[in-house]
> 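Mind having a look at this structure? Questions to follow.
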Amino acid sequence: MSVLNKRKILVAGNWKMNNNNKETEAFLENLNVEFNNEKVEVLLCVPYTNLGVALNLTKNSNVKIGAQNCHFKENGAYTGEISPLMLKEIGAEYVILGHSERREYFNETDETVNLKLQAVLKNELKAVVCVGETLKQREDKITKEIISMQLKKGLKNILEEHVKNIIIAYEPIWAIGTGKTASKEQAQEVCEHIRNVLGEIFSKEKAEEILILYGGSVKAVNCEEIFKQKDIDGGLIGGASLNVSEFKEMISIANGI
Ligand code: 13P
């Protein structure tokens with residue numbers, strides 16, 4: 001838990017393909033919640049079309065704004081894509097990479113996640129790299145192997161100096177949008193494993209600095225026990241981040257830990 005170490009608690013919302021500009025405006029106008037920035041960080045990853053409004057409305061606040069994906073090239077003939085350079089230019093600070101929905105519906109692989117991560121880090125953005133197993137993989141008892149592989153391939157050739165801009169999100173696919181949260185023990189066990197693998201990839205000391213989030217049906221009623229786990233440093237929150245009162249409650253809970 002972040003009380004025992006120097007890591008912050010990151011309360012991150014992933015809005016996915018939800019909310020228009022008007023709704024974004026209303027949400028941010030209502031997101032008037034106090035938190036200690038030394039201890040808690042708040043992030044909202046919004047659709048590309050809402051980035052302008054969100055960045056404008058959070059200019060004078062400590063709420064961070066991010067995107068949910070990007071391409072691995074800075075520019076070029078890639079119709080429909082958005083580059084990390086473009087995100088950087090408009091002032092976005094974070095980008096989610098390798099979300100399971102992108103892996104499932106848009107052919108994202110560990111290799112493309114790695115290319116994107118390199119491009120994101122080169123452009124001095126922070127990356128939230130998602131990993132997680134399917135229900136079948138959990139039942140086959142290969143969760144740790146799957147996670148190790150996603151991390152080793154996804155983080156291949158990443159320099160230690162860039163570690164400060166990497167956040168890992170453990171999102172078991174069976175817990176996303178299903179209302180089924182991993183138990184705090186299940187979540188902690190995998191997040192501890194993630195930290196060990198990060199220790200092998202970088203160094204034990206570096207691994208201690210990296211924020212590891214849990215995602216999958218996190219809400220106000222269950223976030224406290226999750227955020228209190230030794231190797232869990234916050235949440236990547238989907239559905240519950242669309243409700244401003246609930247999101248505020250989760251920030252307050254994190255602030256009180
Ligand atoms: P839910 O919180 O809706 O389960 O979504 C989790 C998620 O995918 C966040 O990236």
Side-chain angles (χ1 to χ4, degrees), residues 9-19 23-24 27 31 41-48 50-51 54 63-70 92-106 108 110 112-113 116-117 120 125-135 137-138 143 146-147 150-151 154 166-184 186-188 190-191 194 211-227 229 232-251 253-254:
I9 300 179
L10 174 58
V11 181
N14 173 11
W15 279 3
K16 308 190 179 182
M17 199 170 69
N18 293 294
N19 283 344
E23 289 159 335
T24 304
F27 186 102
L31 192 64
E41 194 131 300
V42 176
L43 166 66
L44 279 173
C45 293
V46 304
Y48 292 132
N50 302 4
L51 281 169
V63 173
K64 313 281 185 194
I65 299 297
Q68 301 167 12
N69 176 41
C70 67
E93 285 184 64
Y94 288 76
V95 56
I96 297 173
L97 296 179
H99 191 281
S100 61
E101 286 149 16
R102 295 216 53 88
R103 292 179 192 254
E104 184 177 353
Y105 307 126
F106 304 100
E108 194 109 315
D110 293 324
T112 54
V113 170
K116 290 178 180 197
L117 180 60
V120 160
L125 294 162
K126 290 183 197 282
V128 180
V129 180
C130 301
V131 296
E133 82 286 5
T134 61
L135 184 59
Q137 289 163 339
R138 175 159 284 264
T143 297
I146 295 294
I147 303 286
Q150 290 173 337
L151 288 170
I166 299 175
I167 292 150
I168 305 295
Y170 167 53
E171 299 207 320
I173 295 168
W174 49 272
I176 296 177
T178 58
K180 271 190 218 154
T181 323
S183 69
K184 58 183 191 306
Q186 284 173 321
Q188 163 56 25
V190 179
C191 290
I194 290 174
L211 296 188
I212 302 175
L213 311 180
Y214 167 78
S217 300
V218 175
K219 23 187 173 330
V221 290
N222 60 22
C223 69
E224 183 165 6
E225 59 174 26
I226 293 169
F227 296 169
Q229 298 305 304
I232 302 180
D233 308 304
L236 185 56
I237 304 149
S241 75
L242 296 170
N243 179 317
V244 72
S245 332
E246 181 140 18
F247 194 61
K248 272 163 47 165
E249 204 177 327
M250 290 186 276
I251 297 169
I253 290 168

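Remember, it's 1-based here, ligands and their atoms both numbered in the order they're listed.
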> Just to verify, what does E41 make a salt bridge (Lys or Arg N to Asp or Glu O under 4.0 Å) with, not counting sequence neighbours?
K8

> Quick check for students: name every N or O atom pair between ligand 1 and the protein closer than 3.5 Å, with distances.
| unit_1 | atom_1 | unit_2 | atom_2 | d |
| --- | --- | --- | --- | --- |
| ligand 1 | 2 (O) | S217 | N | 3.4 |
| ligand 1 | 2 (O) | G238 | N | 2.9 |
| ligand 1 | 3 (O) | G239 | N | 2.8 |
| ligand 1 | 4 (O) | G177 | N | 2.6 |
| ligand 1 | 4 (O) | S217 | N | 2.8 |
| ligand 1 | 5 (O) | K16 | NZ | 3.3 |
| ligand 1 | 8 (O) | K16 | NZ | 2.8 |
| ligand 1 | 8 (O) | H99 | NE2 | 2.8 |
| ligand 1 | 8 (O) | E171 | OE1 | 3.2 |
| ligand 1 | 10 (O) | N14 | ND2 | 3.0 |
| ligand 1 | 10 (O) | H99 | NE2 | 2.9 |
| ligand 1 | 10 (O) | E171 | OE1 | 3.2 |
| ligand 1 | 10 (O) | E171 | OE2 | 2.8 |

> Any non-hydrogen side-chain atom of C45 less than 4.5 Å from a side-chain atom of V128?
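They are not in contact (no side-chain heavy atoms under 4.5 Å apart), so the answer is no.
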
> Where does the angle between the aromatic ring planes of F27 and F247 fall among parallel (under 30°), tilted (30 to 60°) and perpendicular (over 60°)?
tilted

> Under the side-chain contact (heavy atoms from CB on, under 4.5 Å) rule, collect the residues that match up with A175, sequence neighbours excluded.
P172, Y214

> Less than 3.5 Å apart, any donor N or O on the side chain of H99 or Q68 sitting next to an acceptor on the other?
no

> Would you please name every residue forming a side chain to side chain donor-acceptor pair (under 3.5 Å) with K184, sequence neighbours left out?
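So K184 forms no side chain to side chain donor-acceptor pair (under 3.5 Å) with any residue.
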
